[in-house]
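First up is the structure itself, then whatever we jot down about it.
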Amino acid sequence: MQHKLYIHNTLNRQKELFEPLNEPFVGMYVCGPTVYGDPHLGHARPSITFDILFRWLRYSGYKVRYVRNITDVGHLEHDADEGEDKIAKKARLEQIEPMEVVQYYTIRYHNAMNALNVLPPSIEPRASGHILEQMEYVQKIIDNGFAYESEGSVYFDVEKYNQKHHYGILSGRNIEEILENTRSLDGQSEKRRSVDFALWKKASPEHIMRWQSKWSDGFPGWHLECSAMGQKYLGERFDIHGGGMDLIFPHHECEIAQSVASLGHSTVRYWMHNNMITINGQKMGKSLGNFITLDEFFTGSHSLLTEAYSPMTIRFFILQAHYRSTLDFSNEALMASQKGFLRLVEAYERLQKIVPSKETSVEIKDWNTLCMDAMNDDLNTPIVISHLFDAAKTINTVYDGKGTLSETDLNMFKAVFRTYMIDILGLKTEQGDSKYLDSYKKAIDLILTLRLEAKQNKNWALSDKIRDELASYGFVVKDTKDGFEWSL
RNA sequence: GGUUCCUUGACCGAGAGGCUAGGUAGCGGUCUGCAAAACCGUCGACAGCAGUUCGAAUCUGCUAGGAACCUCCA
């Protein structure tokens, strides 16, 4: 395997050479969505980021097991206060089962991911299907003395843990100061310290998902599922754990504490975190209510959007920024991505039509190596895209008749686009390829061939009529030197 | 208040000591029956101040502005 992939490890905040534990196998775990709402643009970022990593690792020759969970436990409560909301009201009236909510939004999530051309993970475990594993995990932490029971709930003893290990290793926090400050504050609560977190929580009456345990009727703590399921499917040590930056603390910090408390050592070697998507400079998030759902993008049904944006435009938009940078959303930025992506797609389509010559007369670069280097540098997709644009420019020159390409070089172009644009970046150029579509394309080609004849006869009235009519149906007709191109 | 980080041209964004990405928009041209596309050229930036250096967008310090996390969040 010839690879020198460097990835940014949150543990020490620098790029490190990626060396898997058991080459050629790679285990990666990514925090998936909590399925209680429609997926929004923010959800698309980790999915796409780690989809890229998944694809790149596989392309590099690894055998990857990619686990991404569905969180369907812990957040679901009866919304007693939001009485005026029509949907909530209806849900209450119809007595919807929590699993119906889970089912509904899981399907919505999968549909959106599918549209974005995000490959399904190898395993997609659900928290609700791993209650036993989580209970065992809790018991192990109790047995090792790092948790205590209190009124039916079980809490992780952060102070005790921190005496032997470093709680805060991932987020760069010094918990001792916090411990000093909070020691006297919370005597009445069932938790000993405010920093302690729940491993098992006794269910209050409004909690509708609950399981029997030796401690209480309740449900597992929020951080536990990832530890338990990661260990179950990837082992006591595995390579990569990913998620959004907002999960670093407390979620991933707690995961580390849990696995160390249970196993005596940490599980994950490389922690990777994608940055946030912002809107007007502020994080797009569920709690802030400033999110736009993926469906709203696909249909254009949001006041901030002037039109509908295809899933591939969204994907391209996200890949034009590095995953560790914030990405500021605006309709204007999205329009720029849409046009840019179209430019690449058109270049790719033209590439298929270029006839090879004996010699290459244009300047070419080793784009394959350039793209590979960019990917190996912590998945620098914006650089890969800039190389594709560079190559596209050359393709256009040749297509324009201002240069030639030999068969070897032409094949190199095709391979680069095929590999990087289609396979690695996952940017589909075709929206579909049914028989209907094929026939319909031929019909349009026929009409435009007739128009070409009209043009040759200088029948401008007819040729303009065809173009204008087609335009009114949404087609864009472009004349080339000796033919035409069209798109919708 | 604590921890971490950011500020690049009209907009979105790479880069991380000299080689000053890329896209979108703008401007000028070539091509064209017209239009569009394409191609060529062009405009235009490193928040401010001070320092280190032969040389700084890139390193250091200060100032201003902003963000994330510290509660669920991708």
Side-chain angles (χ1 to χ4, degrees), chain A residues 10 13 30-34 36-37 39-50 71 74-75 77 168 171-175 177-178 181 194-195 197 222 242-251 253 273-278 280-288 291 316-317 319-322 324-344 346-347 350 370 374 377 380-390 392-403 455 458-460 463-464 467-468 471 476-481 484-487:
Chain A
T10 309
R13 283 157 214 276
V30 173
C31 289
T34 302
Y36 70 120
H40 61 76
L41 186 61
H43 292 103
R45 194 149 200 210
S47 316
I48 290 174
T49 297
F50 293 104
T71 298
H75 302 296
E77 300 180 0
S171 54
R173 256 155 244 257
N174 187 357
I175 213 70
E177 292 170 12
I178 301 172
N181 293 338
S194 61
V195 288
F197 56 91
W222 293 325
M245 269 186 186
D246 48 354
L247 297 179
I248 292 175
F249 192 92
H251 187 56
E253 199 70 75
H273 294 94
N274 63 275
N275 214 319
M276 303 291 105
I277 289 178
T278 56
N280 296 321
Q282 207 181 27
K283 172 185 167 182
M284 183 183 281
K286 198 148 178 67
S287 47
L288 290 162
F291 60 91
F316 185 74
F317 172 68
L319 292 177
Q320 265 190 308
H322 188 262
R324 282 190 291 108
S325 300
T326 53
L327 170 57
D328 199 41
F329 158 81
S330 67
N331 186 66
E332 200 185 357
L334 211 49
M335 276 174 70
S337 289
Q338 186 185 45
K339 287 202 172 179
F341 177 55
L342 191 66
R343 198 170 129 85
L344 275 190
E346 286 180 345
R350 285 171 190 150
L370 290 169
D377 183 15
N380 200 330
T381 56
I383 293 292
V384 174
I385 288 171
S386 80
H387 291 317
L388 289 176
F389 275 116
D390 197 24
K393 200 168 192 172
T394 309
I395 290 168
N396 285 332
T397 306
V398 174
Y399 186 74
D400 224 34
K402 289 170 184 156
K455 277 179 65 183
K458 296 200 191 290
N459 189 346
W460 310 130
S463 80
D464 284 356
R467 185 176 63 194
D468 294 346
V476 180
V477 177
K478 300 168 194 164
D479 289 352
T480 58
K481 263 205 164 53
F484 54 81
E485 285 180 352
W486 63 271
S487 57

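Naming: A, B, ... by sequence-line order, numbering from 1 per chain. Just so we're clear, the structure is a prediction, and the values are computed from it rather than from any experiment. Note that these values count all heavy atoms, side chains included, but never hydrogens, waters or copies made by symmetry.
Judged by closest nucleotide on RNA chain B, A:Arg13 is the one of A:Lys283 and A:Arg13 placed further toward the 5' end.
Comparing B:A14, B:C39, B:U24 by their closest approach to the side chain of A:Asp400 singles out B:C39. Among the nucleotides B:A67, B:C73, B:A25, the one closest to any side-chain atom of A:Thr34 is B:C73. Between B:C40, B:A21, B:A68, one nucleotide has an atom nearer to the side chain of A:Thr397 than all others, and that is B:C40. The side chain of A:Asn396 sits closest to B:A38 out of B:A74, B:C40, B:A38. Comparing atom distances between the A:Ile277 side chain and each of B:C72, B:A74, B:C34 picks out B:A74 as nearest.
Within the nucleic acid shown, A:His251 has no heavy atom closer than 4.0 Å to any nucleic acid atom. Contacts of A:Ser287 with the nucleic acid, taken as non-hydrogen atoms under 4.0 Å apart, include base atoms. At a threshold of 4.0 angstrom between heavy atoms, the contacts of A:Ile385 with the nucleic acid are absent. At a threshold of 4.0 angstrom between heavy atoms, the contacts of A:Asn380 are confined to the sugar-phosphate backbone, with no base atom among them. Base contact: A:Gly42 has a heavy atom under 4.0 Å from a base atom. If you check every strand for non-hydrogen atoms under 4.0 Å, A:Gln338 touches nothing. At a threshold of 4.0 angstrom between heavy atoms, the contacts of A:Lys393 are confined to the sugar-phosphate backbone, with no base atom among them. Among the protein residues, A:Met276 comes within range of the nucleic acid bases, having at least one heavy atom under 4.0 Å from a base atom.
Side-chain N/O atoms of A:Ser325 include one lying less than 4.0 angstrom from OP1 or OP2 on B:A14. Taking side-chain N and O atoms only, A:Arg343 has no distance below 4.0 Å to OP1 or OP2 of B:A25.
Checked by distance alone, A:Arg467 brings no side-chain donor or acceptor within 3.5 Å of a matching partner on the base of B:A36. In the interface, the side chain of A:Asn174 is not paired with the base of B:G2 through any donor and acceptor atom under 3.5 Å apart.
A 3.5 Å limit on both hydrogen-bonding distances identifies B:G2 as the Watson-Crick or G-U partner of B:C69. In this structure, B:A25 makes no Watson-Crick or G-U wobble pair, since no nucleotide meets both defining distances under 3.5 angstrom. Nucleotide B:U52 forms no Watson-Crick or G-U wobble pair with any nucleotide shown, as no partner meets the under 3.5 Å limit on both distances.
Aromatic ring orientation, A:Phe329 versus A:Phe317: perpendicular (interplanar angle above 60°, classes split at 30° and 60°).
Ion pairing of A:Asp390 with A:Lys393 is absent here, as no side-chain N (NZ or NE/NH1/NH2) approaches a carboxylate O to less than 4.0 Å.
For the pair A:Met245 CE and B:U4 C1', the interatomic distance rounds to 9 Å; values are reported in whole Å. At whole-Å resolution of the value, CG in A:Leu319 and C1' in B:G23 are 14 Å apart. Taking atom CZ of A:Phe249 as the reference point, atom P of B:C69 lies 13 Å away to the nearest angstrom. When the P atom of B:A67 is taken as reference, atom CD1 of A:Ile248 falls 19 Å away, rounded to whole Å. In this structure, NZ of A:Lys402 is placed 4 Å from C1' of B:C39, rounded to the nearest angstrom.
Atom P of B:U60 sits at a distance of 28 Å from the matching atom of B:C70, rounded to the whole Å. With C1' as the reference atom, B:C39 and B:G66 are 41 Å apart, rounded to whole Å. Rounded to whole Å, the separation between the P atoms of B:C40 and B:C46 comes to 27 Å. For B:U4 and B:A45, the C1' atoms lie 27 Å apart once the distance is rounded to whole Å. Annotation: B:G26 and B:A36 have their P atoms spaced 11 Å apart (nearest Å). The gap from the C1' atom of B:U24 to that of B:C34 amounts to 26 Å, rounded to the nearest Å.
A:Gln320 places no side-chain N or O within donor-acceptor distance of the main-chain N or O of A:Ser337, the cut-off being under 3.5 Å.
Taking 4.5 Å as the limit, some side-chain heavy atom of A:Asp479 sits within range of a side-chain heavy atom of A:Lys455. Two residues are said to be in side-chain contact when any heavy atoms from C-beta on lie closer than 4.5 Å; A:His387 and A:Phe389 fail this criterion. The shortest side-chain heavy-atom distance between A:Leu342 and A:Glu346 falls under the 4.5 Å cut-off. In this structure, the side chains of A:Lys402 and A:Asn396 stay at 4.5 Å or more apart for every pair of heavy atoms.
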**Q.** Nucleic acid footprint by protein, nucleotides 6-12 of chain B - heavy-atom cut-off 4.0 Å, B for base, S for sugar-phosphate alone
**A.** -----SS

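Not counting sequence neighbours, the partners of A:His40 by the ring-ring contact (aromatic ring centres under 6.0 Å, His included) test are A:His43, A:Phe291.
Stacking of the aromatic ring of A:Phe389 onto the base of B:G23 is not found under the criterion of centres within 5.5 Å and planes under 30°.
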